[in-house]
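Below, all heavy atoms of this structure are taken into account, side chains as well, without hydrogens, waters or symmetry copies. Just so we're clear, the structure is a prediction, and the values are computed from it rather than from any experiment.
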There are 2 protein chains.
Amino acid sequence: MAVKRSGAPGKRSQRTSGRIPPAKEPHGESPLSRDRIVATAVELLDAQGLDGLTMRRLADRLGSGVMSLYWHVDSKEDVFDLALDSVLEYRGPPQGVESQDWRGDVVHVLEDWRAGMLRHPWSASLLPRRALGPNILSRLELLGTTLSRAGVADSDLNAAIWSLWNYVMGATITRASFDVSDDDRAAGQQRLTRLSERYPTIERSRLLLDDDWDGAFRKGLGFLLDGLAPARRPAPDATARA
Amino acid sequence: MAVKRSGAPGKRSQRTSGRIPPAKEPHGESPLSRDRIVATAVELLDAQGLDGLTMRRLADRLGSGVMSLYWHVDSKEDVFDLALDSVLEYRGPPQGVESQDWRGDVVHVLEDWRAGMLRHPWSASLLPRRALGPNILSRLELLGTTLSRAGVADSDLNAAIWSLWNYVMGATITRASFDVSDDDRAAGQQRLTRLSERYPTIERSRLLLDDDWDGAFRKGLGFLLDGLAPARRPAPDATARA
DNA sequence: ACCTGAACACCGTTCAAGT
DNA sequence: ACCTGAACACCGTTCAAGT
């Protein structure tokens, strides 16, 4: 029964930030560092996918021996956690402004989230398996404040947050996985057509051929937000009506 | 660039069904068969999780040499596909009845789906990575017909199906992953509390402590269905309006 | 403080045989 | 038709050393 560690700081917590780099970070044979390892891991994951990340390959790319990595990093699991969190960093939007458009705000937060994950297709499927890192927590926080400011009642807040989380994660994981090959989907639909007497409804609606992922994401999100709207407290200036 | 095969029948498609078993399937050293391999793989996955499935361990459990498996099965990937689809089998509900309660119907379909995946926690996270097997297609078909019968317009049908799919997948994957350890969530919330100035909203709402998964699932699904309701065509007997 | 190679206990799969 | 062991090219990580 593997127990997931929730991001314990690790034995040696060395932060590289705050010290001036020796003016030679770009390439060259710079010394190993936690940050460099994580950055290279992300490169490797982007290029080769989840299975492509290997401690040995990672060391190769860094021009070091495999075991050198283990000085900076606890395990391969650790590398996954760090890579994931580094990729989900969020540069907040103009937070000061009190927007009037709550729907637009929520949509923006979630589309940014989705886009961030799709830029690193391995990240979406990795995320739910891992402990929630600081960057994920701050995205959840942002979602929470946006919804709260939009007027969602406290008693509905958690359910609202999780329902949006579920929607975004489901959509993004699905999209990132299917995106591998469109031929596949076409082949799938063809198979469907051949079996149209078994799956008449989704065959008729051409469910597997619809490739407007962004549009479908927005439309479905619209449904969910429509359903969420009544959960909002009546705005101060609106007529109260249960 | 790994290409996902969409369930091609494989070189040797041998169906065991339709022949009378030699009256000794239960244990004993029955001969290897595709079905026996798949069943044992599911056992192993249930017991040890995704990483626990190994061709070598699988062969051990079956009392055979490793390479014997490869006669019945193309690869480990193949085993995953077969195990997944076998677990998602759907014994349809009383299909004949024309229910009046479209919401109840949809909720039932989706809760059954979720429950099925949670019975095999590895299945949810595996599903989106794989080609859609026949059993998944028939669940999508069932969802489609239920929505269609409920009156969802054809032009909204695909978006409605995918939004519900996204929701169910996101919820189930999240639940199946977090379920490993509750201590973790508690620890997470404690860390949150320590950092409450950074995440005040979700700290206050105790987002990470809420452990009523089933309730949250149903409530969020309620939001989504509320939003979906207007997408229905006015029922024949209702007053048409917009 | 940081890096290393040898070694261990594993993997999935190819291949050439066995019955 | 079905099963097998040896072998290959990999894994992550421990350990005992090196500087």
Please tell me which of the listed nucleotides, [options], lies nearest to the side chain of [X]?
X: A/Lys76; options: D/dC3, C/dT13, D/dG12; result: D/dG12
X: B/Met67; options: C/dT14, C/dC11, D/dC11; result: C/dT14
X: A/Arg56; options: D/dC3, C/dC3, D/dC11; result: D/dC11
X: A/Tyr70; options: D/dT13, D/dC3, C/dT13; result: D/dT13

Can you check the [X] [atom1] to [N] [atom2] distance for me, whole Å?
X: B/Leu32; N: D/dA1; atom1: CG; atom2: P; value: 17 Å
X: B/Leu58; N: C/dC11; atom1: CG; atom2: C1'; value: 14 Å
X: A/Arg34; N: C/dC2; atom1: CZ; atom2: C1'; value: 15 Å
X: A/Met55; N: C/dC8; atom1: CE; atom2: P; value: 21 Å
X: A/Asp60; N: D/dG12; atom1: CG; atom2: P; value: 12 Å
X: B/Asp78; N: C/dG12; atom1: CG; atom2: C1'; value: 14 Å
X: A/Leu69; N: D/dC11; atom1: CG; atom2: P; value: 13 Å

Between [X] and [N], is there a side-chain N or O to OP1/OP2 distance below 4.0 Å?
X: A/Ser64; N: C/dC3; result: no
X: B/Trp71; N: D/dC2; result: yes
X: B/Arg57; N: C/dC10; result: no
X: B/His72; N: D/dC3; result: yes

C1' atoms of D/dC2 and C/dA17, separation to the nearest Å
13 Å
C/dC8 to D/dC11 separation - C1' atoms, rounded to the nearest Å
12 Å
Between [X] and [Y], is there a donor-acceptor pair closer than 3.5 Å when you use the side chain of the first and the backbone of the second?
X: A/Arg34; Y: A/Leu82; value: no
X: A/Arg36; Y: A/Pro31; value: yes
X: B/Asn166; Y: B/Trp162; value: yes

With sequence neighbours left out, the residues meeting side chain to side chain contact (heavy atoms under 4.5 Å, CB included) with A/Thr40 are A/Leu58, A/Arg61, A/Leu62
Are the side chains of B/Met169 and B/Leu127 in contact, using a 4.5 Å heavy-atom criterion?
yes
Looking at B/Phe217, does the NZ or CZ of B/Arg175 lie under 6.0 angstrom from its six-membered ring centre and within 45 degrees of the ring axis?
no
Report which part of the nucleic acid B/Thr54 touches: base, sugar-phosphate, or nothing (heavy-atom distance under 4.0 Å, all strands).
sugar-phosphate
When Watson-Crick pairs (N1 to N3 and N6-O4 or O6-N4) and G-U wobble pairs (N1-O2 and O6-N3) count only below 3.5 Å on both distances, what is the dot-bracket string of DNA chain C, with | for other-strand pairs?
||.|||||...|||||.||
Could you tell me if A/Asp46 and A/Trp122 have a donor-acceptor pair between their side chains, going purely by distance under 3.5 Å?
yes
Of B/Thr146, B/Thr145, B/Val168, which is the lone residue that meets side-chain contact (heavy atoms from CB on, under 4.5 Å) with B/Val109?
B/Thr146
